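First the structure, in the form of structure tokens, and then the observations on it.
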Amino acid sequence: MTWLLTGGAGFIGCHVLRSLRSSGRNVVVFDDLSTGLSDRVPDDVPLVEGSVLDQALLEDTMRKYDVTGVIHLAAKKAVAESVAKPLWYYRENVGGMESVLAAMVSCNVGAIVYSSSAAVYGEPTISPVREDIPLDPISPYGETKLVGEWLTRDVAASNGISWTALRYFNVAGAGDPTLGDPSVANLIPIALRSVREGKNCHVYGSDYDTPDGTCLRDYIHVADLAEAHTAAATLLETEQIGLPINIGTGSGSSVIEVLQSIGRALDGEVAYEVVSRRPGDPPALVAAADQASRVLGWSAQYDLDDMTASAAAAAGLQKI
Ligand code: WQD
């Protein structure tokens, strides 16, 4: 089979690309290079530069390369930006999904792995979260990811497409020092930047109902996440399925535990100060990971120390 990987030049995409290639699959990357980097796509992998809103280009690409499955990662992913620019997020994420699915139907492509997010859960009161709990996203970003799941489910049902939506939890780390996350948008990159600049990292609230009072999240190594896509692709090549799957480790780490882990990676202590809570932060967001293990035969191999050490190495930091 040949897989079309949208967003394959991005931070997560370039890890998925490597995993798919190691499994021996043919891959074509489709990316508008708005945030992706073309030098992360090896020379022998076709790279089509374009927007997922361009259905004609998607169809040309699917036909030219005899694409048989799609892994759709290309999307906007910043929560705060989505609140400021909801129309843009709906256009890019929902419009992009519609365009990808329409191209698939037109070209008879029968399998899709969709990049969804734990943001579809909103602020759940249950932890860990199973895939079948009620969904209540609290940002336009999370809403667009949920609508993307619905679109995929409905179009798949009427066209015999096999699909899964992988709900990513907090993606971190780097599979290689050259493949780090270039954006500084999440806790680990932000903490590493504060270390580099000799500033205190801000901890958003320490009065939550959690063991140390700071928020719990399920951090998942990007290399593990990439393997989950290959496991999903393998399954979709032979099985007709349709369901969302959490991609997390199944255990939570607090903000303080993350900073301590970075301290171990850098042989020192990360300086921090507690500031007020950040609106919209659920106290705990941890995946129930048993469905991934049961359906995909996949489970995380790396732990938090692997994530912080690899992220620090990719950021060029060695010691505090
Ligand atoms: C992690 C924890 C913060 C920064 C977001 C999106 C989610 C997904 C992943 C895209 C929280 C705390 C953070 C800081 C802190 N995005 N924190 N000080 O919000 O769990 O998830 O990214 O798919 O949809 O919502 O990730 O890295 O921002 O925060 O104390 O300077 O770290 O409060 O508890 P989040 P995050």
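Just so you know, these numbers come straight off a predicted model, no measurement behind them. Both counts, for ligands and for their atoms, begin at 1 and track the order of listing.
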| Check: Ser23/Thr230 side-chain N/O donor and acceptor closer than 3.5 Å | no
| Under 4.0 Å from ligand 1, counting heavy atoms only, is it the side chain of Ile190, its backbone, both or neither? | side chain
| remark: ligand 1 to Lys77, heavy atom cutoff 4.0 Å, flagged ligand atoms 10 (C)
| task | Decide whether Thr178 and Arg40 meet the rule of one side-chain donor and one side-chain acceptor closer than 3.5 Å. | result | no
| request: Compute the minimum heavy-atom distance from Tyr208 to ligand 1 and say whether it is under 4.0 Å. | output: no
| request: Using a 4.0 Å heavy-atom threshold (strictly under), name the region of Asn170 that reaches ligand 1: side chain, backbone, both or neither. | output: side chain
| request: Indicate, as side chain, backbone, both or neither, the part of Tyr168 found under 4.0 angstrom from ligand 1 when only non-hydrogen atoms are considered. | output: neither
| message | Please tell me whether Glu81 and Tyr89 have a donor and an acceptor in their side chains that are separated by less than 3.5 angstrom. | response | yes
| query | What part of Arg217, side chain, backbone, both or neither, has a heavy atom within less than 4.0 angstrom of ligand 1? | reply | side chain
| note | Any heavy atom of Tyr219 under 4.0 Å from ligand 1? The part involved is side chain
| request: Would you please determine whether Tyr141 falls within less than 4.0 Å of ligand 1 on a heavy-atom basis? | output: yes
| task | Please confirm whether Val79 comes within less than 3.5 Å of ligand 1 when only nitrogen or oxygen atoms on both sides are compared. | result | no
